[in-house]
Amino acid sequence: MSSIGTGYDLSVTTFSPDGRVFQIEYAAKAVDNSGTVVGIKCKDGIVIGVEKLIASKMMLPGSNRRIHSVHRHSGMGVAGLAADGRQIVARAKSEAHNYESTYGEPIPIKELAERVASYVHLCTLYWWLRPFGSGVILGGYDRDGPQLYMVEPSGVSYRYFGAAIGKGRQSAKTEIEKLKLSEMTCRQGVIEVAKIIYGVHDEAKDKTFELEMSWVCDESNRQHQKVPEALLEEAKAAAKSALEEMDAD
Amino acid sequence: MPSEQKLGSAIVDTVFANMVSSQNESSLLSSEGDSQRTQYPYVTGTSVIGIKYKDGILMAADMGGSYGSTIRYKSVERLKQVGKHSLIGASGEISDFQEILRYLDELILHDSMWDDGNSLGPKEVHNYLTRVLYNRRNKFDPLWNSLVLGGVKNGQKYLGSVSMIGVHFEDDHVATGFGNHLARPILREEWREDLTFEEGVKLLEKCMRNLLYRDRSAVNKLQIAKITEEGLTISQPYSLKTFWNFAAFKNPTVGAEGSW
């Protein structure tokens with residue numbers, strides 16, 4: 001994994017002899033070292049969950065949101081450098097607003113993902129700009145149904161059934177692949193995402209974390225919002241007991 | 001590399017554009033020539049009346065859009081919901097009202113995207129509208145409307161009005177345009193703190209009937225909106241019964257004999 005690009009990694013406008021742009025790869029490392037963000041597409045909507053690593057006991061629970069609404073029908077969970085992520089969210093909000101202003105309908109999620117990806121990519125083209133040190137999982141519900149996209153610091157964006165970025169992404173992806181997403185409702189999806197995040201959290205390496213979750217689904221009237229308190233507590237309880245079952249083995 | 005620099009400054013501009021509000025033109029970059037005089041209204045709505053009642057706010061407005069002295073549009077909805085807690089009624093230039101509704105939509109959207117359990121109440125929306133209208137007036141480019149803003153939040157009823165020059169009031173009963181002259185006197189006599197819904201509607205209908213008789217830009221098709229803590233309803237359009245059976249109307253030409 002470790003490839004030191006000595007000499008070829010000083011600028012984002014330099015290719016290495018084997019065709020890599022090291023600065024972009026280093027930017028991706030910032031995302032890989034952050035708390036896990038998971039997104040899944042259920043049959044009636046999207047669920048996004050974030051493992052929010054708590055740096056200090058002084059922080060108020062519920063602050064430092066990692067999931068932001070971009071428009072009524074869409075939201076994104078951010079991994080990596082929080083301040084960079086905030087810029088991506090601001091840009092996405094602005095794109096969504098402009099589209100609706102011009103065309104009179106909410107921005108299709110595909111279009112939004114393209115615009116965000118193209119903006120992130122833009123910042124990898126010039127030596128006086130640095131790439132974004134954050135990746136986002138964008139979920140939304142438009143007239144083509146619920147859709148899930150992921151945008152990486154390189155500017156690459158794909159559409160997914162289930163996606164994960166951050167520390168625990170490998171094991172999260174394995175868990176997501178086990179789920180039968182096409183038959184699951186978002187209510188059930190919320191419980192599953194909570195279980196996955198609790199499962200991938202490394203107790204030894206990191207201290208405490210706070211679980212933050214949001215959804216866009218038929219039940220939320222196709223609006224992006226925080227998962228309701230009651231359901232969130234239910235999901236946390238289910239996740240904790242699933243962990244205890246695993247530990248008991 | 002001039003094109004690169006342009007792109008670079010475009011990026012910087014977009015970054016700053018995110019921070020600047022999305023109010024259009026009349027900025028440092030556009031020419032000052034166009035906004036040196038006020039406009040003329042083209043399609044206008046007439047009076048709006050609002051009253052507080054026991055459970056909340058009641059508002060009435062007819063559905064006419066006049067083009068000068070022609071009653072051009074007869075299904076214009078001049079009462080609209082704003083967020084969870086407020087109701088706006090507009091008289092004056094209809095296209096400016098549509099623009100105001102776009103500003104309010106953006107305001108409410110950004111407020112709801114915080115997702116923090118709070119939402120803008122009628123007092124805040126009223127204040128926002130006052131600022132918008134007053135600042136436009138200062139640039140000699142007014143939004144040609146008189147607005148009534150009412151709502152209920154956390155049990156508190158609120159009713160206010162703003163004019164196109166930014167004059168704003170908060171009161172138990174408000175009206176715009178002709179309503180101030182024809183409806184307010186009725187309301188001053190007959191309004192009470194504890195009006196029931198039915199009494200409130202009857203009172204509003206009495207005012208609207210008076211306006212229908214005496215205001216040439218009134219049409220006999222109105223909506224009444226109610227907003228309470230529970231929510232908002234805007235009625236289906238309906239018409240008022242009028243009475244024309246006066247003796248002097250029966251034989252209009254009597255006493256009209258003249259030399260020609």
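Residue numbering restarts at 1 for every chain, and letters A, B, ... go by the order of the sequence lines. Any value given below was found using the heavy atoms of this structure, including those in side chains, with hydrogens, waters and symmetry copies removed.
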Would you name the heavy atoms of Arg72(A) and Leu109(B) that are closest together and state the gap between them?
CG-CD1, 3.5 Å
Of all heavy-atom pairs between Asp115(B) and Lys226(A), which one has the smallest distance, and what is that distance?
OD2-N, 2.7 Å
Pick whichever of Gln223(A), His71(A), Glu100(A) has the most heavy-atom pairs under 4.5 Å with chain B.
His71(A)
Pairwise side chain to side chain donor-acceptor pair (under 3.5 Å) hits with a residue in residues 81-96 of chain B, at least two apart
His85(B)-Ser119(B), Ser91(B)-Thr176(B), Glu93(B)-Ser95(B)
Give a yes or no on this: more than 12 heavy atoms of other residues, nucleotides or ligands lie within 6.0 Å of atom OH of Tyr73(B).
no
Is Arg159(A) atom CZ crowded by more than 12 heavy atoms from other residues, nucleotides or ligands, each under 6.0 Å away?
yes
Report the residues that fulfil ring pair (Phe, Tyr, Trp, His ring centres under 6.0 Å) with Tyr158(B), sequence neighbours left out, ordered by chain and then residue number.
His126(B)
Toward chain B, the part of Ser101(A) with a non-hydrogen atom under 4.5 Å
both
